[in-house]
Chemist: 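So that we are looking at the same thing, I have put the structure below in structure tokens.
Lettering follows sequence order; numbering is per chain, from 1.
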There are 2 protein chains.
Amino acid sequence: MGAKGEGNRQRIVEAAESLFYRRGYNQTSFQDISDATDIPRGNFYYYFKTKEEILNAVIDGRIANLNTMLSGYDAEISDPRERLLKFTNIIEHGRGDVMQSGCPLGTLSSELVKDDSALHEKSKQAFIVLRDWMTQQFEALGLSDAGELAIDLLAKLQGVAVMASVFKDAEYVKRSHLAIKNWINLQR
Amino acid sequence: MGAKGEGNRQRIVEAAESLFYRRGYNQTSFQDISDATDIPRGNFYYYFKTKEEILNAVIDGRIANLNTMLSGYDAEISDPRERLLKFTNIIEHGRGDVMQSGCPLGTLSSELVKDDSALHEKSKQAFIVLRDWMTQQFEALGLSDAGELAIDLLAKLQGVAVMASVFKDAEYVKRSHLAIKNWINLQR
DNA sequence: GTCTATAAATAGATAGAC
DNA sequence: GTCTATCTATTTATAGAC
């Protein structure tokens, strides 16, 4: 891995990540990424053979960030319930972004179910990381239906994210966040 | 309104509706609609000046179908709770489609938040129709927070739809449908 | 009202100079 | 590694014959 071009590669991935989120994968062109990075289109193909490879790198980056964040929770918070509660703060911390562009994972996956199935499978990977981590937390709480609780929690978050982006109501997001935290506290 | 071309117009809208759902609005081209209808691209512009106008017609059609369905429930079912329960059957009746392409309303809205805001506003209209109808049902049940319950029910349905399309698990959909029906029965 | 031909812009991708 | 020029295909949209 030469260190020379990794700067450009990283800048391309970061700009693509933001654009894929704010404007969608299919609606983001190489020109858009070029404008955002001041790197000419032609140079992209030195790092990525296709647009799909950029998407793969973007999702790999998201998964890496997710793993870093979740490992941090595991290290810093001893109570699995507190870890789950901490994670749900993401919907209020990222409230503005969610109201403007929806959930980064959910909207990408919703877009890619309608494209090639290989792309959708890739976007599913980030959800699997989240689901498995949540399952571990519910298991650590001694709950036998941990896997189902994990999917249910993901569904609650996705439901809030969709409605937040449709109606753009900050009070709704706040109220729903509280309801989700209450639900987590009720699982025993 | 000449009757001559309304046949073609209707066929264009119906083909577009299906394609916008299965492949997305931005990923559907005039050529795709032309292939599906055997109507040449050039003729589209006699009925619609732009692609956005086709989308408007598609959403207006969905809203009309929604109103017909909901009015039917109002006429045939006397208990508001039973009407809500009846509506939620949509997620199991349309289970295959939802697992393959997500919720027609939710995925369209998630796609269009990232496009022009006028398009997103239009897609929001269908949600408003649903929300207002649900609010009426909860009000008829004598519940003071009817508006919030309506949004919460919509969020539950959207959450299930997103997770159904991500994991494509029919058992999950069935289980979640039961949970939603239980939740509706608990609102008193 | 219907259809063909085509314009004008943009997409992803490639070749090759530097 | 970087960048310019370009290819090919496809997009929305228009002009105008029929």
Chemist: May I ask you to check whether A:Asp32 and A:Ser29 show a side-chain donor-acceptor distance below 3.5 Å?
Modeler: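 Yes.
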Chemist: Between B:Thr135 and B:Asp132, do the side chains contain a donor N or O and an acceptor N or O under 3.5 Å apart?
Modeler: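 No donor-acceptor contact under 3.5 Å links the two side chains.
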Chemist: Sequence neighbours left out, what pairs pass side chain to side chain donor-acceptor pair (under 3.5 Å) with at least one residue falling in residues 159-170 of chain B?
Modeler: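 Listed once each, the pairs would be none.
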Chemist: Would you tabulate the side-chain donor-acceptor contacts of residues 15-24 of chain A under 3.5 Å, counting partners in other chains and residues two or more places apart, or write 'none'?
Modeler:
from    : atom 1 : to       : atom 2 : distance (Å)
A:Glu17 : OE2    : A:Arg62  : NE     : 2.8
A:Glu17 : OE2    : A:Arg62  : NH2    : 3.1
A:Ser18 : OG     : A:Arg22  : NE     : 2.8
A:Ser18 : OG     : A:Arg22  : NH2    : 3.0
A:Tyr21 : OH     : A:Asp97  : O      : 3.0
A:Tyr21 : OH     : A:Gly102 : O      : 2.6
A:Arg22 : NE     : A:Ser18  : O      : 3.4

Chemist: Without decimals, in angstroms, what is the distance between B:Gln31 CD and C:dT4 C1'?
Modeler: 13 Å
Chemist: List the atom pairs, donor and acceptor, that lie under 3.5 Å between side-chain atoms in residues 140-159 of chain A and the rest of the protein, sequence neighbours left out.
Modeler:
from     : atom 1 : to       : atom 2 : distance (Å)
A:Asp152 : OD1    : B:Arg175 : NH1    : 3.3
A:Asp152 : OD1    : B:Arg175 : NH2    : 3.4
A:Asp152 : OD2    : B:Arg175 : NH1    : 3.0

Chemist: Listed by chain and number, what are the side chain to side chain contact (heavy atoms under 4.5 Å, CB included) partners of B:Glu52, not counting sequence neighbours?
Modeler: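 Scan of B:Glu52 (side chain to side chain contact (heavy atoms under 4.5 Å, CB included), adjacent residues dropped) gives B:Tyr25, B:Thr50, B:Leu119.
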Chemist: Could you tell me the separation between the CZ atom of B:Phe44 and the P atom of C:dT2, rounded to a whole number of Å?
Modeler: 12 Å
Chemist: Tell me, please, which residues at least two apart from A:Lys122 pass salt bridge (Lys or Arg N to Asp or Glu O under 4.0 Å).
Modeler: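 Expected list: A:Asp60.
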Chemist: Any side chain to side chain donor-acceptor pair (under 3.5 Å) involving residues 77-90 of chain A? Give me the pairs, sequence neighbours left out, ordered by first then second residue.
Modeler: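 Qualifying pairs, neighbours excluded: A:Arg83-A:Gln137, A:Thr88-A:His177, A:Asn89-A:His177.
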Chemist: Does anything in residues 19-29 of chain A come within less than 4.0 Å of DNA chain D? Heavy atoms only, and list the residues if so.
Modeler: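 By residue number: none to list.
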Chemist: Can you find a pair of side-chain heavy atoms, one from A:Val160 and one from A:Ile180, that are under 4.5 Å apart?
Modeler: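 Yes, close enough: below the 4.5 Å cut-off.
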Chemist: At less than 4.0 Å, is any side-chain N or O atom of A:Asn8 found next to OP1 or OP2 of D:dT2? Yes or no.
Modeler: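 Answer yes for this pair, as a side-chain N or O of A:Asn8 is under 4.0 Å from OP1 or OP2.
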Chemist: Sugar-phosphate atoms are those with a prime plus P, OP1 and OP2; base atoms are the rest. Using that split, label each nucleotide of nucleotides 13-18 of chain C B, S or - for protein heavy atoms under 4.0 Å, 5' to 3'.
Modeler: BB----
Chemist: With a 4.0 Å cutoff (strictly under), does any side-chain N or O of A:Tyr46 reach OP1 or OP2 of D:dT2?
Modeler: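 Indeed not, no polar side-chain atom of A:Tyr46 lies that close.
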Chemist: Over how many whole Å does the gap from A:Asp32 atom CG to C:dA11 atom C1' extend?
Modeler: 11 Å
Chemist: Write down the atom of A:Leu105, the atom of A:Phe127, and the distance for their closest heavy-atom approach.
Modeler: O-CE1, 3.6 Å
Chemist: Let me check the geometry of the helix from C:dG1-D:dC18 to C:dC18-D:dG1. What is the bend angle between the axes at its two ends, five pairs each, to 10°?
Modeler: 10°
Chemist: Once side chain to side chain contact (heavy atoms under 4.5 Å, CB included) is applied, do any residues pair with A:Val129, and if so which ones, sequence neighbours excluded?
Modeler: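 For A:Val129 the side chain to side chain contact (heavy atoms under 4.5 Å, CB included) partners, ignoring immediate neighbours, are A:Ile63, A:Leu66, A:Asn67, A:Leu70.
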Chemist: Rounded to whole Å, please give me the gap between CD1 in B:Ile33 and C1' in D:dT11.
Modeler: 12 Å
Chemist: With sequence neighbours left out, what residues match A:Tyr45 under ring-ring contact (aromatic ring centres under 6.0 Å, His included)?
Modeler: A:Phe30
Chemist: For A:Arg11 and D:dT2, what is the distance between atoms CZ and C1' respectively, to the nearest whole Å?
Modeler: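 It works out to 12 Å between those atoms.
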Chemist: Between C:dC3, C:dT2, D:dG1, which nucleotide has the shortest distance from any of its atoms to the side chain of B:Pro40?
Modeler: C:dC3
Chemist: Taking only side-chain nitrogens and oxygens of B:Tyr47, does any of them come within less than 4.0 Å of OP1 or OP2 of C:dG1?
Modeler: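 Indeed not, no polar side-chain atom of B:Tyr47 lies that close.
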Chemist: When you compare the side chain of B:Phe167 with that of A:Ile128, does any pair of heavy atoms fall below 4.5 Å?
Modeler: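 Touching, per the 4.5 Å side-chain cut-off.
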Chemist: What is the separation between atom CG on A:Asp35 and atom C1' on C:dA11, rounded to the nearest whole Å?
Modeler: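 So the CG-C1' distance, A:Asp35 to C:dA11, works out to 14 Å.
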Chemist: Would a 4.5 Å heavy-atom cut-off, applied to side chains only, mark A:Lys51 and A:Phe44 as touching?
Modeler: no
Chemist: At a heavy-atom distance below 4.0 Å, what parts of residues 108-120 of chain A sit against DNA chain C?
Modeler: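 Going residue by residue through residues 108-120 of chain A, none turns out to have a heavy atom under 4.0 Å of DNA chain C.
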Chemist: Could you check how far CG of A:Leu55 sits from P of C:dA11, rounded to whole Å?
Modeler: 17 Å
